[in-house]
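Input: a single structure, listed below in structure tokens.
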Amino acid sequence: MIVESPLELIFHDLFYRLRNFSEGHDVFLKLEGFNVSGSIKMKTAIGLIEDLEQRGIAKPRETVIVESSSGNLGIALSMVCAIKGYRFICVTDPNVNRANVRGMELYGAEVIIVKDCDTAGGYLTARFRAIDDILASEANAVWLNQYNNIANKNVHARKTAVEIAREFDKIDWMFVGAGTTGTLAGICEGLRLKFPKVNIVAVEPVGSVTFGGKPGKRHIPGIGTSERPPLADLTNPDRVIAVTEKATVDCCLSFVHDYNLLVGGSTGAVLSAIKQLSPEFRTGDTIVAISPDLGDKYLDTIYSKDWVDSVISTEEKVLSDS
Ligand SMILES: Cc1ncc(COP(=O)(O)O)c(C=O)c1O
């Protein structure tokens, strides 16, 4: 295989069959962590930039791309912008992984880390304030706004959902983690075209407000919000499952032991949700789930006993006490 650009290093049809994952049921895990830049967000990044170009809004070497990201979209956009010739400014928060920041900077991005926590326990308010400041001071700046950009949904409806639909004759259950909800909204739209009866399960962490949960502090990047994203209005999941961070970490650890793959935190949450719902699965059901990234970049957090003991266990206690 010879490629002309790193942008060609994207997997469309990679599914890990998890034999006997829960109560005798196999699960097909769509692996997105092998895409270049390490996550499903490579597809989102390409979709968002191509959308701007197609609408005549962005021009290489003129436009400054601005986005808020906890890391995965940031690193994907850094790479896409470097390849296409855009200056890129990424606004993020203290939950970001250090290696992601270093990677973004190596691709030439400018990274701004906000510090102020908002009342819901997240950093969205501070991120939005930082973006407003950039848009006011940079004449050619364009904010992608992944939380409210229909191109974020469209790329997953046209690509991710189609990739899944192509692989299976029927799907009974589809599990998707929810951050911006772009993946979820795209899957809801795209997958129901072929499988109108599929049960789509949205997975979010306890403490996320997207689907009406009580706000709370969260530490696992990628899924959950402290403000409901407008894109969530375009989702219509059949079920919403909220997973504790403790259950998420436990699932990541048992998965590396039982299935020999280090997966990211949002994958752990999705796997935990599958276990919660497995009493409802019928014999012969086809169960599919998305794994947005791998676990290597979380070795010092999700996979570190010290980090888990100091951050997650305490929070679990606080959550259950309140
Ligand atoms: C690791 C990981 N999982 C899940 C998601 C959620 O995807 P979406 O923003 O499409 O809801 C993200 C988004 O950044 C992510 O980085």
Side-chain angles (χ1 to χ4, degrees), residues 29-35 37-48 67-78 90-93 95-97 99-100 103-104 122-124 127 144-161 174-190 200-205 208-211 218-235 237 240 243 245 248 251-252 262-273 289-298 301-302:
L29 194 59
K30 188 173 196 306
L31 298 177
E32 296 284 353
F34 293 96
N35 297 328
S37 93
S39 79
I40 193 168
K41 287 289 173 173
M42 197 59 194
K43 289 174 181 165
T44 314
I46 295 170
L48 293 175
E67 184 53 307
S68 162
S69 165
S70 59
N72 276 340
L73 181 65
I75 197 143
L77 279 170
S78 302
C90 184
V91 176
T92 186
D93 66 45
N95 287 332
V96 69
N97 187 284
N100 269 357
M104 287 191 267
Y123 293 92
L124 271 189
R127 286 189 190 203
L144 293 173
N145 196 0
Q146 58 167 330
Y147 294 92
N148 190 17
N149 186 335
I150 204 156
N152 180 7
K153 177 214 34 123
N154 289 343
V155 68
H156 294 294
R158 288 195 205 118
K159 296 203 170 152
T160 315
M174 180 74 227
F175 288 77
V176 188
T180 66
T181 69
T183 312
L184 178 66
I187 297 268
C188 286
E189 182 180 298
I200 298 181
V201 183
V203 181
E204 64 171 354
S208 169
V209 304
T210 303
F211 293 104
R218 297 168 291 104
H219 306 90
I220 294 174
I223 50 171
T225 60
S226 52
E227 237 175 64
R228 179 177 158 91
L231 272 187
D233 292 345
L234 305 178
T235 71
V240 176
V243 180
E245 293 199 323
T248 296
C251 250
C252 287
L262 273 176
V263 290
S266 60
T267 305
V270 163
L271 293 171
S272 175
I290 293 188
S291 168
D293 68 358
L294 296 176
D296 316 48
K297 54 186 174 283
Y298 306 112
T301 55
I302 293 162

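One-based numbering, in listed order, for ligands and for the atoms of each. Here the structure is a predicted model, which is why all the values come from computation and not from measurement.
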> Tell me, do L294 and F34 make a side-chain contact under 4.5 Å, heavy atoms counted?
Replying inline: yes
> L73 near ligand 1, heavy-atom distance under 4.0 Å?
Replying inline: no
> Any idea which of S266, G33, G222 brings a heavy atom closest to atom 5 (C) of ligand 1?
Replying inline: G222
> Considering distance alone, does some N or O of N152 sit under 3.5 Å from an N or O of ligand 1?
Replying inline: no
>> Among all protein heavy atoms in this structure, tell me which lies nearest to atom 13 (C) of ligand 1, with the distance rounded to 0.1 Å.
In response: K41 CE, 2.8 Å
>> Taking side chain to side chain contact (heavy atoms under 4.5 Å, CB included) as the criterion, tell me which of V270, I200, I187 meets it with F175.
In response: V270
> Within the side chain of T92, is there an N or O that forms a donor-acceptor pair under 3.5 Å with the backbone of S69?
Replying inline: yes
>> Less than 4.5 Å apart, side chain to side chain, heavy atoms only: is that true for V155 and L48?
In response: no
>> I want to know if ligand 1 touches G179 in the polar sense, i.e. an N/O pair below 3.5 angstrom.
In response: yes
> Counting heavy atoms only, which part of T181 comes closer than 4.0 Å to ligand 1: side chain, backbone, both or neither?
Replying inline: backbone
>> Counting only heavy atoms closer than 4.0 Å, does ligand 1 sit against the backbone of T180, its side chain, both, or neither?
In response: both
>> Counting neighbours of CZ on R228 that are heavy atoms of other residues, nucleotides or ligands and sit closer than 6.0 Å, is the number greater than 12?
In response: yes
> Under 4.5 Å between any side-chain heavy atoms of K43 and N35, yes or no?
Replying inline: yes
>> Quick one, Y298 and D293 - any side-chain contact, counting heavy atoms below 4.5 Å?
In response: yes
> Can you tell me the protein heavy atom closest to atom 16 (O) of ligand 1 and the distance?
Replying inline: N72 ND2, 2.9 Å
> Got K41 and I75 here, is their nearest side-chain heavy-atom distance under 4.5 Å?
Replying inline: no
>> Can you confirm whether N72 sits close enough to K297 that some side-chain heavy atom of one is under 4.5 Å from a side-chain heavy atom of the other?
In response: yes
> Of all the heavy atoms in D293, does at least one lie under 4.0 Å from an atom in ligand 1?
Replying inline: yes
> Polar-atom distance check: H156 versus ligand 1, any N or O pair below 3.5 Å?
Replying inline: no
>> Give the atom numbers and elements of ligand 1 that come within less than 4.0 Å of a heavy atom of G182.
In response: 10 (O), 11 (O)
> With a cut-off of 4.0 Å, which atoms of ligand 1 are near a heavy atom of I223?
Replying inline: 4 (C)
>> Looking at ligand 1, would A178 count as a contact under a 4.0 Å heavy-atom criterion?
In response: yes
> What protein heavy atom is closest to atom 10 (O) of ligand 1, reported as residue, atom name and distance in Å?
Replying inline: T183 OG1, 2.5 Å
>> Taking 4.0 angstrom as the limit and counting only heavy atoms of P292, give me the atoms of ligand 1 inside it, by number and element.
In response: 1 (C), 2 (C), 3 (N), 4 (C)
>> Counting C-beta onward and ignoring hydrogens, is there a side-chain heavy-atom pair between T180 and L73 closer than 4.5 Å?
In response: no
